[in-house]
Asker: 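Before we start, here is the structure in question, set down as structure tokens.
When reading the values below, keep in mind they use all heavy atoms of this one structure, side chains included, and skip hydrogens, waters and symmetry mates.
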Amino acid sequence: MAKEIDEFEDEEMDESAKAFFDDEELAESEQPEVRDYSERRVLIWEDDDVHRNACLEVLSDLLVGATIKAVKTEEEALEQIENEDWDTFVVDFYTEGVSSSDFIKSVNNYPGSILVAINMGPLTLPDERDPAKTELLRRLFDMERPNTQLHG
């Protein structure tokens with residue numbers, strides 16, 4: 001037979017429940033991990049102006065200190081690869097022709113870099129400030145930068 005709620009006493013809380021609540025309080029008091037993205041160089045290629053600007057805004061907010069550039073055309077993106085050193089490239093594979101583009105072929109042969117493919121359509125800054133979403137997105141960019149020179 002179940003106890004009435006009025007009869008419940010705090011002393012009856014078992015040790016596992018106490019540990020759960022203690023861990024929850026500890027997690028709330030922890031400070032978020034400080035990350036240094038000042039060495040990161042991120043190039044975004046997105047032809048849609050709204051999606052490109054939203055992605056730039058979200059990543060600038062998320063990767064504080066990183067150098068981030070967003071370009072509209074594949075030609076601009078290829079020019080950036082030729083003229084600058086980048087460690088991360090961001091594209092939207094839902095955009096027609098991106099996955100088979102010369103840009104993606106170049107990125108795949110770019111030493112020491114990562115390619116991050118995200119759906120930029122629903123990307124908005126208020127949503128990305130949600131800690132659960134922020135952490136998932138941030139993990140795509142958390143990598144050790146290679147110690148090798150990217151271009152000779």
Asker: Can you tell me how far apart CG (Asp92) and OG1 (Thr95) are? Round to the nearest 0.5 Å.
Answerer: 4.0 Å
Asker: Mind checking the NZ-CG spacing from Lys105 to Asn109? Nearest 0.5 Å is all I need.
Answerer: 10.5 Å
Asker: Tell me, do Cys55 and Val90 make a side-chain contact under 4.5 Å, heavy atoms counted?
Answerer: yes
Asker: Please say yes or no: joined through hydrophobic side-chain contacts below 4.5 Å, possibly via intermediate residues, are Val50 and Val58 part of one cluster?
Answerer: no
Asker: Apply the test side chain to side chain contact (heavy atoms under 4.5 Å, CB included) to residues Val116 and Phe141: give CA-CA distance (whole Å), side-chain angles for both, the deciding distance (0.1 Å), then the verdict.
Answerer: CA-CA 8 Å; Val116 177; Phe141 296 90; 3.9 Å; yes
Asker: Do the non-hydrogen side-chain atoms of Phe89 and Ile104 ever get within less than 4.5 Å of each other?
Answerer: no
Asker: May I ask you to test the Val71-Ile44 pair for a side-chain heavy-atom distance under 4.5 Å?
Answerer: no
Asker: What's the separation between atom OG in Ser113 and atom CG in Asp85, rounded to the nearest 0.5 Å?
Answerer: 11.0 Å
Asker: State, to 0.1 Å, how close Ser106 and Ile81 come at their nearest heavy-atom pair, and which atoms those are.
Answerer: CB-CD1, 4.0 Å
Asker: Counting distance only, does the side-chain N/O of Trp86 pair as donor-acceptor with the main-chain N or O of Gln80 below 3.5 Å?
Answerer: yes
Asker: About how many Å separate CD of Glu46 and CG of Leu56, when rounded to the nearest 0.5 Å?
Answerer: 12.0 Å
Asker: If we ignore hydrogens and angles and just use 3.5 Å, is the side chain of Asp61 paired with the main-chain N or O of Glu57 as donor and acceptor?
Answerer: no
Asker: Scan residues 65-76 for pairs that pass side chain to side chain donor-acceptor pair (under 3.5 Å), counting only residues two or more places apart or in two chains.
Answerer: Asp49-Lys72, Thr73-Glu76
Asker: Any Lys/Arg nitrogen of Asp47 or Arg52 sitting under 4.0 Å from an Asp/Glu carboxylate oxygen of the other?
Answerer: no
Asker: Tell me, do Leu115 and Phe93 make a side-chain contact under 4.5 Å, heavy atoms counted?
Answerer: yes
Asker: Between atom CG of Leu43 and atom CH2 of Trp45, what is the distance when rounded to the nearest 0.5 Å?
Answerer: 10.5 Å
Asker: Under the rule for side-chain hydrogen bond (donor to acceptor under 3.5 Å, both in side chains), what residues qualify as partners of Ser100, not counting sequence neighbours?
Answerer: none
Asker: Are Arg41 and Thr88 linked by a side-chain donor-acceptor pair shorter than 3.5 Å?
Answerer: no
Asker: If I compare all heavy atoms of Tyr37 with all of Val64, which pair ends up nearest, and what's the gap?
Answerer: CB-O, 3.4 Å
